[in-house]
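Numbers restart at 1 for each chain; the letters A, B, ... are given by sequence-line order, proteins then strands.
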Number of protein chains: 2
Amino acid sequence: MELSERQRRILKAIIESYIDTAEPVGSKSLAVSFDSPISSATIRNEMSELEERGLLEKPHVSAGRVPSYAAYRLYVNELMERHRTAYSELEQIRRRMQDIMREMDDIMVSAARVVSEMTNYTSVSVLNRRGGGRVKKCELIAMDEGWSYAVVLVGEREVRHKLLHLTAPVEPSMAAMLSTAVNLAIAEGRLEYLLPSMLHGIGAQSGMYMLIKGVIDFIRQTENASDVAEVYVSDTARLLDNREYQDIQRMRELLDYMSDRSNVRDMVSRGAPERINIRIGPELDEPSMRDVSLVFTTYAVDRDTKGIIGIVAPTRMDYAAACAKLAAFAKAVSGMNELGEKIKDTGEDDEYRNGKPGGEA
Amino acid sequence: MELSERQRRILKAIIESYIDTAEPVGSKSLAVSFDSPISSATIRNEMSELEERGLLEKPHVSAGRVPSYAAYRLYVNELMERHRTAYSELEQIRRRMQDIMREMDDIMVSAARVVSEMTNYTSVSVLNRRGGGRVKKCELIAMDEGWSYAVVLVGEREVRHKLLHLTAPVEPSMAAMLSTAVNLAIAEGRLEYLLPSMLHGIGAQSGMYMLIKGVIDFIRQTENASDVAEVYVSDTARLLDNREYQDIQRMRELLDYMSDRSNVRDMVSRGAPERINIRIGPELDEPSMRDVSLVFTTYAVDRDTKGIIGIVAPTRMDYAAACAKLAAFAKAVSGMNELGEKIKDTGEDDEYRNGKPGGEA
DNA sequence: TGTTAGCACTCGGAAGCTAAGAGTGCTAAA
DNA sequence: TTTAGCACTCTTAGCTTCCGAGTGCTAACA
């Protein structure tokens, strides 16, 4: 049977109270907080039904109720009110983003900072590059008399560099030629023939060979980086703010898990694009993350680069606020140029439903 | 009066036991751990004298003694045995460093990782660039039809890049000219005349003007970066391992403080170069750092770049091990090329004495 | 039939108490 | 000068008690 309207209202009130105070919610205190007066006894009855359905739990018999994970799921799917984001706020996010990017030149880190500041939660930021033919140009810059070279690759909207230290020197003029050759090969899409075609002229020990090889390896590496995602986690210390984390051991496990970038990447990579994704505690399938939720979304950086920005916070985080802020962020950043009419529907067309369908608790 | 030899031995034993177990040390348990049998009563007498001198403290009357900060100071200054570092270990550090640098291309982060792995403590890593005439070369790379440029600066052993987004396009050929002009100006050391001399030909609104200005600003910024230090803190989560940090509030304060890079930079910038510096708890003059010590040293990256690498751990950290590892690290990295005879004196000529002279507790 | 008041019951947490144990300081003897 | 012995102190763990918040049930009420 479906939940009654009143049950939904009660559940929503419980969840929001718990989000607010982190204290188990009792029937009496809840009763007074309602506009239309319902007695605590009625609430108790409803509560016990909600408990039977696995939506509430009691830490112990006389401590009030606490929402279960399934309840949070229901909450974000059906109960939660979406916040509107004012145009002014979008503008503000945009400006903040531009400010920080001016000093950082790294959209991933900037995004993490901005979101972390906006929400007061720990944020995770991932930059995903689609692989394939991305590198447009390559420059070689001599550093110390031909023993080291800076290799600079330019992609769509992005620059990467790497230092190559050689064991045999290469004349800068030689390197310039080489650079031209490589760029030509890139333009004509026949990079793979370059190395073999040059090899018979020069020894495999020569600095030149090493330089070409280094450059080509770096290009390959950058291009094949279809899932070479960069990961940045900002402000982990904020996780310590949460009351539920009195258990320092579990905290430690959580921080440990999060400090491994590949874990973070994996978690957010299974999200639906262009949606606000919510993963609540156990849905993440990772013991150390059992007590936190992850809310994240993607934003377009350019045609081949996708940013993922998210929040990690205890399961009782303020989902509504988190979703609103992330949606606003994605809007503000993706639409950096055509920020206009599209604003009006912020939050309305976002699809929060996902995670495991139906709370099977 | 000076401490007697026996007192010193007892103090040393107490400190080392406390470093080991984090438990207050009692007279009885200490008595049995000595080779030459001293009775617990004797030790008690000595202990109470050490306490009068401010070297020991009791958490409460029946809990054994705990070293005071002054005792740690004395310990690192006079009592501690310096570990020798085997040649093989240096070799190992060097290899590890090379491995990590291969994948990271960032000496600062690599150093932090290596040290943190070696010691199992949280590590801090700072890269300090001396300012003044550093930029050797500059390249401009067009990205999308002249609207964006990648500016690449090459220094002694280092490459930095930045994206410039213009509001008016600049022809790539024009940019090439510009780049030549800038490089010429750099070579002749008259960069400051460049902008004024070009200004009257072009409008201040033009893309070209913005591009030159952007480039020159970036060069200035990079060059004036005499104290633009990059800071990296690795593995903060390890700080949570410590028994003394049951107090989550103080932990939080500590992490907060450390997450501000400028704080970290300030802490390590006041160190004597080429020495192992030790700052014990209160010597750091920062309330949230009261219960941790900082051990750090410098290593040369190149003529104008100085790396600082350090460890942050509870005051009862293993100073001897920390010093040895850091000394080894600095040796291994600084001497990357001429690793040989100089190895033998590892640890012997390092000067650990510093911090506030004399423990005035 | 749904809602509410009332009441007995449960259980966790705080407060208070006790006993055990570790460690000290002092004294007196070796 | 060192040591053995002993009285004393103080923390900690374990136990008990008590309070109160919150529940579940029943019976009355709308």
Side-chain angles (χ1 to χ4, degrees), chain A residues 1-11 13-15 17-18 20-68 71 243-244 246-247, chain B residues 1-11 13-15 17-18 20-68 71 243-244 246-247:
Chain A
M1 204 188 75
E2 273 295 299
L3 290 180
S4 74
E5 191 47 43
R6 191 172 62 191
Q7 284 173 329
R8 296 165 71 91
R9 235 173 62 227
I10 290 175
L11 183 58
I14 292 174
I15 292 174
S17 158
Y18 189 67
D20 209 39
T21 64
E23 301 285 350
V25 187
S27 55
K28 207 179 260 168
S29 57
L30 197 60
V32 300
S33 77
F34 272 109
D35 304 342
S36 48
I38 317 181
S39 83
S40 66
T42 310
I43 294 183
R44 277 203 292 282
N45 289 332
E46 301 287 29
M47 274 175 159
S48 71
E49 178 155 353
L50 290 171
E51 188 176 355
E52 263 166 40
R53 289 169 179 252
L55 293 170
L56 295 180
E57 285 162 6
K58 353 181 213 204
H60 54 265
V61 70
S62 65
R65 305 303 215 285
V66 161
S68 71
R243 292 226 219 152
E244 31 275 278
Q246 291 315 324
D247 185 345
Chain B
M1 202 187 80
E2 273 296 300
L3 291 180
S4 74
E5 191 48 44
R6 190 171 63 189
Q7 285 172 329
R8 297 166 69 91
R9 235 173 61 228
I10 289 175
L11 183 58
I14 291 174
I15 292 174
S17 157
Y18 189 68
D20 209 39
T21 64
E23 301 285 350
V25 187
S27 56
K28 207 178 256 167
S29 57
L30 197 60
V32 300
S33 76
F34 272 108
D35 304 342
S36 48
I38 318 181
S39 85
S40 65
T42 311
I43 294 183
R44 276 203 292 284
N45 289 333
E46 301 287 30
M47 274 177 162
S48 70
E49 179 155 353
L50 290 171
E51 188 175 355
E52 262 167 40
R53 290 170 178 251
L55 293 169
L56 294 180
E57 285 162 6
K58 0 182 204 200
H60 54 264
V61 71
S62 64
R65 304 302 214 285
V66 161
S68 71
R243 291 225 223 153
E244 32 274 278
Q246 291 315 325
D247 185 345

Practice task
Answer yes or no: does a side-chain N or O of A:K28 lie under 4.0 Å from OP1 or OP2 of D:dG20?
Solution key: no
Exercise for the section: Report the residue from B:E51, B:E23, B:E57 that forms a salt bridge (Lys or Arg N to Asp or Glu O under 4.0 Å) with B:R65. Expected result: B:E51
Exercise for the section: Report the distance from atom CD of B:E51 to atom P of C:dG23, rounded to the nearest whole Å. Expected result: 15 Å
Problem - Protein-nucleotide distance (A:I10, atom CD1; D:dT23, atom C1'), rounded to Å - result: 15 Å
Exercise for the section: Look at A:R65 and D:dT23 and indicate whether a side-chain polar atom (N or O) is within less than 4.0 Å of OP1 or OP2. Expected result: yes
Handout entry: Approximate separation, where rounding is to 0.5 Å, of A:L30 CG and A:I43 CD1
Key = 4.5 Å
Problem - Under 4.0 angstrom between B:T42 side-chain N/O and D:dT3 OP1 or OP2 - result: yes
Practice task
Could you tell me whether the phosphate oxygens of D:dT23, OP1 or OP2, come under 4.0 Å of any side-chain nitrogen or oxygen in A:S27?
Solution key: yes
Exercise for the section: Would you indicate, yes or no, if C:dT3 has its OP1 or OP2 atom less than 4.0 angstrom from a side-chain nitrogen or oxygen of A:R6? Expected result: yes
Handout entry: Rounded distance [0.5 Å steps], CG in B:L11 versus CD in B:E49
Key = 12.0 Å
Handout entry: salt_bridge(B:E5, B:R9) N-O dist < 4.0 Å
Key = no
Problem - Among D:dG24, C:dG25, C:dT4, the one nearest B:K58 by side-chain distance - result: C:dG25
Handout entry: B:S62 side-chain N/O to D:dT11 phosphate OP1/OP2 under 4.0 Å
Key = no
Handout entry: Atom pair distance, as rounded to whole Å: CD in B:E57 and P in C:dG23
Key = 18 Å
